[in-house]
Amino acid sequence: MTERPLRQATAKDADAIATLVDRAYRKYLPRIGRPPSPMTDDYHAVVHDHDVWVVDGPETIEAVLVLIPDPDALFIDNIAVEPSRQQAGLGRMLMDFAEDEARRLGLPALTLVTNEHMTENIARYTRIGFVETRRELRRGSYTVHMRKEFLTES
């Protein structure tokens, strides 16, 4: 894999991010019965309000990562990869970057939520060290809360 550099998103990226997220999450519509919450976000507001990173491809954005610092962890609000680029290592690169950012901020963990019907994501997150911390019934299905603890450098 040729690793592409991450860059911080700007307001000009919001529409391309929304298109990418729609393409990446569309496959879950039949499973969940409604759009997953990332598909309904206003990406102009997200880029303005949060720490958003993108990976550019030859023609458009190929991956996006939205990070929100919490007092005890760095929350991964969204991670999405262009469907044609999935399995190319971009998601793992984004997760490694998120962990590096958490460590840089002095936070001891990453957290995220996913839908119970996104079973392949739950399995992927578990393989890289996340553990399920709880489930919460939300809009007719369970939201799975996950956390990955790591040692911070002192």
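Just so it is clear, the values below take in all heavy atoms, side chains as well, and ignore hydrogens, waters and symmetry mates.
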Path from [X] to [Y] over hydrophobic side-chain contacts below 4.5 Å:
X	Y	answer
Y28	V66	yes
V21	I61	yes
L67	M93	yes
Y125	I32	no
L90	I76	yes

Heavy-atom closest contact ([X] atom, [Y] atom, distance):
X	Y	value
V47	A9	CG1-O, 4.0 Å
V81	L20	C-CD1, 3.7 Å
L94	A63	CD1-CB, 3.7 Å
F150	A102	CZ-CB, 3.5 Å
G129	K148	O-CG, 3.7 Å
V144	N115	CG2-C, 4.4 Å

[Y] side chain reached by [X] side chain, heavy atoms, under 4.5 Å:
X	Y	answer
T119	R31	yes
M118	P36	yes
P38	Y43	yes
D100	R104	no
L112	R147	no
D15	H44	yes
T111	H145	no
T126	V131	no

Can you tell me if [X] has over 12 outside heavy atoms packed within less than 6.0 Å of its [atom1]?
X	atom1	result
F97	CZ	yes
E136	CD	yes
E116	CD	yes

query = Could you walk me through whether M95 and I128 pass the side chain to side chain contact (heavy atoms under 4.5 Å, CB included) check?
reply = CA-CA 9 Å; M95 290 300 249; I128 63 170; 3.8 Å; yes

key: Separation between CG of N78 and CG of D41, rounded to the nearest 0.5 Å   =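 Those atoms lie 7.0 Å apart.
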
request  = Decide yes or no on side chain to side chain contact (heavy atoms under 4.5 Å, CB included) for D51 and Q8, but give the supporting numbers first.
outcome  = CA-CA 7 Å; D51 197 10; Q8 199 147 25; 2.5 Å; yes

query = Any Lys/Arg nitrogen of E99 or R103 sitting under 4.0 Å from an Asp/Glu carboxylate oxygen of the other?
reply =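 R103 and E99: salt-bridged.
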
task = Go through the steps to decide whether L74 and I68 satisfy the test side chain to side chain contact (heavy atoms under 4.5 Å, CB included), and finish with yes or no.
result = CA-CA 6 Å; L74 184 59; I68 303 172; 5.9 Å; no

inquiry  = Looking only at the side chains, is there a donor atom on one of S141 and R34 sitting less than 3.5 Å from an acceptor on the other?
reply    =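 Per modelled atom types, S141 and R34 side chains form a pair under 3.5 Å.
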
key: Worked check of side chain to side chain contact (heavy atoms under 4.5 Å, CB included) between I79 and V64   = CA-CA 6 Å; I79 184 168; V64 63; over 6 Å; no

Expected output: side-chain D70 to main-chain D72 donor-acceptor under 3.5 Å = no

ask   = Taking only residues two or more places apart in sequence or in another chain, which ones pass salt bridge (Lys or Arg N to Asp or Glu O under 4.0 Å) with D13?
value = R7

